[in-house]
Amino acid sequence: MSRLTVAGPVPLRGRVRVPGDKSISHRALLLAGLARGTSRVTGLSGGQDVAHTRAAVAALGARVDEDGPGTVTVTGATPVAPAAVVDVGNSGTGLRLLMGVCAGVAGTTRFDGDASLRRRPMDRVAVPLRRMGATVEGDGDTCRAPLSVAGGALRGIDYELPVPSAQVKGAVLLAGLAADGETVVRERLVTRAHTEELLADFGADVEVDAGERLVRLRPGPLTATDVSVPGDPSQAAFWLVAASIVPGSDVTVEQVYLGPARNGFLDVLQRMGADLEVDRGTGDVRARHAALVGTDVAPEEIPGLVDEVPALAVAAAFAEGSTRFLGAGELRVKESDRIATVASELGALGARVEPSSDALVVVGGGGLRPGVVDSHGDHRIAMAGAVAAVAADGATTIEGWDVVATSYPGFEDDLAALTRS
Ligand code: S3P
């Protein structure tokens, strides 16, 4: 098993560009694969998750050509169910969105992934897709991978998301592209808007009613377009937290996506007293070290920062007072059970973390001591461990470090560059 050892404390200084946003990368590839004509996608995430989706788009019949690092051209085609099993690796987003696409494809598409992926519930996508007319078969009562989707004639539905999930919203809308009649997705809590934003860019007949919290889609063809993928805010969060907690730090993350339902972590950090400068024109976000205080993160904030909780929990360990993440039960079904893994791994570094069924409380004030962190096969736990390591006084090792390649293969290089001076 691979490991990373970091000797802290070490300030972070300089400018960094994080990988292209993972959520946008998946969707840009999928929509380009369905569109008429050739789309050019630049700034794609270089992580393995997106590489799996790219291979799946090609397996479904689109032509995908590499045109330099992070750049591909995709020529869309009517998708055809591939004979071989589609391997999505570690990517729940990839699988859920692909299930939506394949619900509209005649024939049976089979999917599988790694051990973490095989534990994740897919019934949240299977239920609406079945209601639209697809046949979805998976393992156990939560329809886990390996699973199959037999698609074909679909009908549009009016669906209220039972869990706040942009992945489910995306899957239903992608299926809706091939359905007979209109598809409406309603959400009680606002989730990230990439599917509807990109559908509009690809010329779909899509309408967003922000007041009613619904997206309405009428089926129809997509037209190829070029997509420039901005930096991933969920990756930026690691550097911004690291800079906030290590004295002497001053980091600017360049060209970060600052659209809806992705930047809740910036609000939380600001409430905690972080010294942030956000340039809405360029997307550059600068963080300097500051004294932090604990805060409450409300349930309705969770969907807008769901991936940033491991990083924020590290910040919370360095804050005065407690930080409570409330209504955070969705964290239990991510790449690991993040309520359990944040508690155990920050606990291993001396933090006082109190997990409950759907909340996580970090009792701050004590900082962190060096130690050993286990990634539990979860890239965000590994990277949160690295952020803890740069702040702790001594050498900290993250076991199972290689999983970081699923979303941020260059993390170690960027860490070295930011800690060089
Ligand atoms: C994602 C949505 C989130 C997030 C995941 C990516 C997406 O999941 O955790 O990393 O691209 O739609 P849920 O919307 O299922 O919470």
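Just so you know, these numbers use all the heavy atoms, side chains as well, and skip hydrogens, waters and symmetry mates. Both ligands and their constituent atoms are indexed starting at 1 by order of listing. Numbers here are sequence positions counted from 1.
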Review point. With no hydrogens and no angle check, is any side-chain donor or acceptor of R120 less than 3.5 Å from a backbone partner on V333?
Key: yes
Ligand 1 to V306, heavy atom cutoff 4.0 Å, flagged ligand atoms 9 (O)
Closest to atom 14 (O) of ligand 1 among protein heavy atoms sits A166 N, 2.6 Å
Atom 1 (C) of ligand 1: of E308, K169, R380, Q167, the nearest heavy atom sits on Q167
message: Determine whether T142 and M122 satisfy the following criterion, side-chain contact (heavy atoms from CB on, under 4.5 Å), listing intermediate values before the conclusion.
response: CA-CA 6 Å; T142 55; M122 296 298 147; over 6 Å; no
of all protein heavy atoms, closest to atom 15 (O) of ligand 1 is S165 OG, 2.7 Å
Worksheet item: Hey, does the side chain of N90 reach the backbone of T406 with a donor-acceptor pair shorter than 3.5 angstrom?
Response: no
D307 to ligand 1: N or O pair under 3.5 Å? yes
| Quick one: does K169's side chain have a donor or acceptor within less than 3.5 Å of a partner on R192's backbone? | yes
The atoms of ligand 1 lying under 4.0 Å from a heavy atom of S23, numbered in the order shown, are 1 (C), 6 (C), 7 (C), 11 (O)
Closest heavy-atom approach to atom 12 (O) of ligand 1 among R192, R27, R96 is made by R27
Worksheet entry | Check: H194 ring centre within less than 6.0 Å of Y257 ring centre | yes
For atom 6 (C) of ligand 1, the closest protein heavy atom turns out to be T93 OG1, 3.3 Å
Donor-acceptor check, side chain of R338 to backbone of V306, threshold 3.5 angstrom: yes or no? no
- prompt: Counting distance only, does the side-chain N/O of D226 pair as donor-acceptor with the main-chain N or O of R40 below 3.5 Å?
  reply: yes
At under 4.0 Å between heavy atoms, what of K334 touches ligand 1? The answer is side chain
